[in-house]
Amino acid sequence: MKDKLLKLISDYRIIFVIYIIVSAVTAYSKYKRGTGGYNNYLIFKGVFYNTLQEKNIFLQYPDLFFDSNHYGVFFSLLIAPFAMLPDGFGAVLWNVAITLVFLYAIYKLPFSDRKKSFFAWLCLQEFITAATYFQFNIILTGLLMLSAIYIYERKEAQSAFSILIGTFVKVYGIVGLSAFFFIKNKFKFILSFIIIAILFFVLPMLISSPKFGVQSYIDWYVSLSGKNLENQALGTRQDYSLMGVVRRILQNPNISNLVFLIPGAIVFMLPYLRIKQYKYLPFQLMILASTLLFVVLFSSGSESPTYIIAVAGVMLWFLMQKKLTKIDIGLLIFVMIFTCFAFSDLFPKSIKEGIFIKYSTKAIPCIMIWLRVMYELLTKDFEKDYQLD
């Protein structure tokens with residue numbers, strides 16, 4: 001019985017099917033609750049129709065949805081096929097589509113089938129959190145993973161394409177350039193990057209106008225700047241970051257992001273001094289793990305559904321360990337309980353509101369993992385100390 005159960009869990013095809021079912025059921029259940037249940041999808045849909053009508057896509061339209069959009073105008077093209085469908089079908093198919101990209105990235109990981117399955121199982125809870133809100137972070141996680149995998153496979157154009165989709169939708173995607181130094185054919189990558197960037201910049205203008213397209217990028221900058229200031233307010237469901245933890249413990253929302261970003265970026269870049277390690281795939285994947293964690297932990301816009309990105313980084317780190325220590329296992333359990341299940345029914349509402357939200361504690365386990373990842377990147381021999389199968 002035990003062997004059958006282990007075999008079942010080790011088959012990535014089974015967990016992949018579970019992901020697809022969960023994404024569809026989650027979307028449909030949110031749709032059945034009424035417009036409040038799938039408000040995020042309505043915001044996404046609004047990006048397409050507001051672009052067609054050349055209306056500012058970053059303003060609030062309370063007659064259609066509450067809150068406002070913060071995705072770039074290029075997103076209007078991605079959401080278009082779903083937005084034109086009835087809401088129920090569109091919402092379900094959108095969730096399934098972004099899930100398929102994430103699953104494809106897991107499938108492409110240079111891991112054994114067993115490890116691909118464990119990766120998916122360990123990310124499931126955080127995936128559910130993101131899928132509940134129709135989050136683009138699901139596809140963004142997949143795109144960041146694919147951008148690094150394509151570089152290893154010497155598919156420079158595909159890597160540039162993956163990076164730029166994320167960048168033109170949510171800016172975060174630009175961190176995919178963290179794998180730039182591992183590129184063999186840098187000229188091909190740079191040329192592809194420039195051509196695709198120009199294409200993505202122009203395409204939304206085909207369903208609106210050049211004037212509206214350019215103005216939308218300006219409005220996007222204004223929108224993100226304003227959102228950053230809002231995120232730093234104490235007690236919100238935003239700023240689940242390293243900065244947020246410190247700001248909320250000290251009860252000082254005025255501490256600048258730069259106090260953390262500058263030293264954080266320096267530490268993040270230090271492993272690139274180890275040029276002799278570049279040729280080892282585990283080193284490249286550990287850089288990817290660091291990137292996935294960094295982009296969440298050093299962003300004031302990080303909220304609970306954003307952590308699908310960081311948790312994917314955690315799982316990359318964990319599954320590459322050749323010899324798991326009690327500390328490694330303890331850190332993973334710490335992440336699973338206090339990051340992945342932080343806002344589940346595992347904890348009473350008083351703890352979630354009085355501790356987890358108040359002090360951004362969801363970030364703390366991932367902060368510890370990131371520091372561990374950086375230590376390994378700076379000290380380990382990636383030819384001998386890690387395994388992928």
Side-chain angles (χ1 to χ4, degrees), residues 70 72 137 140-141 144 147-148 163-164 166-168 170-183 193 220-236 238-275 277-278 283-303 306-307 309-314 316-317 335 339 359-380:
H70 297 288
N137 291 318
L140 181 59
T141 307
L144 290 173
S147 68
I163 292 169
L164 286 167
T167 303
F168 272 81
K170 208 174 177 182
V171 180
Y172 284 179
I174 199 65
V175 299
L177 290 174
S178 62
F180 178 79
F181 293 107
F182 310 137
I183 299 172
F193 193 91
W220 193 21
Y221 173 79
V222 174
S223 171
L224 293 179
S225 299
K227 186 173 185 289
N228 182 59
L229 293 175
E230 293 175 7
N231 292 340
Q232 295 181 28
L234 303 178
T236 67
Q238 305 280 341
D239 206 12
Y240 292 163
S241 61
L242 174 61
M243 301 89 78
V245 171
V246 176
R247 276 193 281 255
R248 294 182 183 193
I249 288 176
L250 298 179
Q251 289 294 291
N252 183 359
N254 299 315
I255 300 175
S256 172
N257 286 339
L258 293 178
V259 174
F260 305 92
L261 284 174
I262 293 175
I266 292 172
V267 173
F268 177 81
M269 294 299 294
L270 285 177
Y272 290 99
L273 298 175
R274 305 187 70 196
I275 297 174
Q277 298 290 324
Y278 283 13
F283 182 79
Q284 297 180 24
L285 290 177
M286 196 65 81
I287 288 289
L288 173 61
S290 171
T291 302
L292 294 171
L293 285 158
F294 182 89
V295 74
V296 175
L297 296 175
F298 288 84
S299 169
S300 62
S302 294
E303 52 189 344
T306 313
Y307 270 77
I309 303 173
V311 168
V314 171
L316 279 173
W317 161 78
V335 169
T339 295
Y359 297 109
S360 294
T361 55
K362 187 178 176 84
I364 294 175
C366 290
I367 293 170
M368 296 174 66
I369 295 288
W370 184 70
L371 293 173
R372 179 62 180 261
V373 167
M374 297 312 301
Y375 167 77
E376 293 182 13
L377 280 169
L378 291 169
T379 63
K380 296 292 185 176

query = Taking all atoms of both residues into account, what is the closest heavy-atom pair of Ser147 and Gly176, and its distance?
reply = OG-CA, 4.0 Å
ask   = About how many Å separate CG of Leu377 and CZ of Arg274, when rounded to the nearest 0.5 Å?
value = 8.0 Å
ask   = Can you name the residues that form a side-chain hydrogen bond (donor to acceptor under 3.5 Å, both in side chains) with Arg372, not counting sequence neighbours?
value = Asp328, Glu376
message = Run the side-chain hydrogen bond (donor to acceptor under 3.5 Å, both in side chains) test against Ser223 and tell me which residues pass, sequence neighbours left out.
response = His70
query = How long is the gap from CG on Leu292 to SG on Cys366, to the nearest 0.5 Å?
reply = 11.0 Å
message = If you compare all heavy atoms of Asn137 against all heavy atoms of Thr306, which two are closest, and at what distance to 0.1 Å?
response = ND2-CA, 3.5 Å
ask   = Would you call Phe182 and Ile287 a side-chain contact if the rule is heavy atoms closer than 4.5 Å?
value = yes
key: From Ser299 atom OG to Leu242 atom CG, the distance as rounded to the nearest 0.5 Å   = 12.0 Å
request  = Report the C-alpha separation of Val245 and Thr361 in whole Å, then their side-chain angles, then the decisive distance to 0.1 Å, and conclude whether the side-chain contact (heavy atoms from CB on, under 4.5 Å) test is met.
outcome  = CA-CA 7 Å; Val245 171; Thr361 55; over 6 Å; no
query = What pair of heavy atoms forms the shortest contact from Gly173 to Leu144, and how long is it?
reply = O-CD2, 3.8 Å
query = With sequence neighbours left out, what residues match Tyr221 under ring-ring contact (aromatic ring centres under 6.0 Å, His included)?
reply = none
note = dist Ser290:OG -> Leu285:CG (nearest 0.5 Å) comes out at 12.5 Å
key: Leu177/Phe193 under side-chain contact (heavy atoms from CB on, under 4.5 Å): CA gap, chis, key distance, verdict   = CA-CA 11 Å; Leu177 290 174; Phe193 193 91; 4.0 Å; yes
Show me the donor-acceptor pairs within less than 3.5 Å that the side chains of residues 256-269 make with the rest of the protein, sequence neighbours left out.
residue, atom, partner, partner atom, Å
Ser256, OG, Leu258, N, 3.1
Asn257, OD1, Arg247, NH1, 3.0
Asn257, OD1, Arg247, NH2, 3.0
Asn257, ND2, Asn228, OD1, 3.2

note = Correct closest heavy-atom pair for Gln238 and Glu303 would be NE2-OE1, 3.2 Å
inquiry  = Between Thr339 and Tyr307, is there a side-chain donor-acceptor contact under 3.5 Å, judged purely by atom types and distance?
reply    = no
task = Output yes when a side-chain donor or acceptor of Tyr272 lies under 3.5 Å from a complementary backbone atom of Ser178, and no otherwise.
result = yes
task = Look at the aromatic rings of Trp370 and Phe294 and report parallel, tilted or perpendicular, splitting at 30° and 60°.
result = tilted
Residue list, side-chain hydrogen bond (donor to acceptor under 3.5 Å, both in side chains) with Gln284, at least two apart or on another chain = none
request  = Output the distance between atom CE (Met286) and atom CH2 (Trp317), rounded to the nearest 0.5 Å.
outcome  = 8.5 Å
query = For Tyr359, does the OH atom have more than 12 heavy-atom neighbours from other residues, nucleotides or ligands under 6.0 Å away?
reply = no
ask   = Which pair of heavy atoms, one from Ile174 and one from Ile163, lies closest together, and at what distance?
value = CA-CG2, 4.2 Å
inquiry  = Which residues pass the side-chain hydrogen bond (donor to acceptor under 3.5 Å, both in side chains) test with Ser360, not counting sequence neighbours?
reply    = Arg248
message = Please report whether the ring centroid of Phe168 lies less than 6.0 Å from that of Trp220.
response = no
remark   = Smallest heavy-atom separation, Ala310 atom then Val296 atom, equals N-CG2, 3.8 Å
note = Interatomic distance, CG@Asp239 vs CE@Met243, rounded to 0.5 Å, equals 6.0 Å
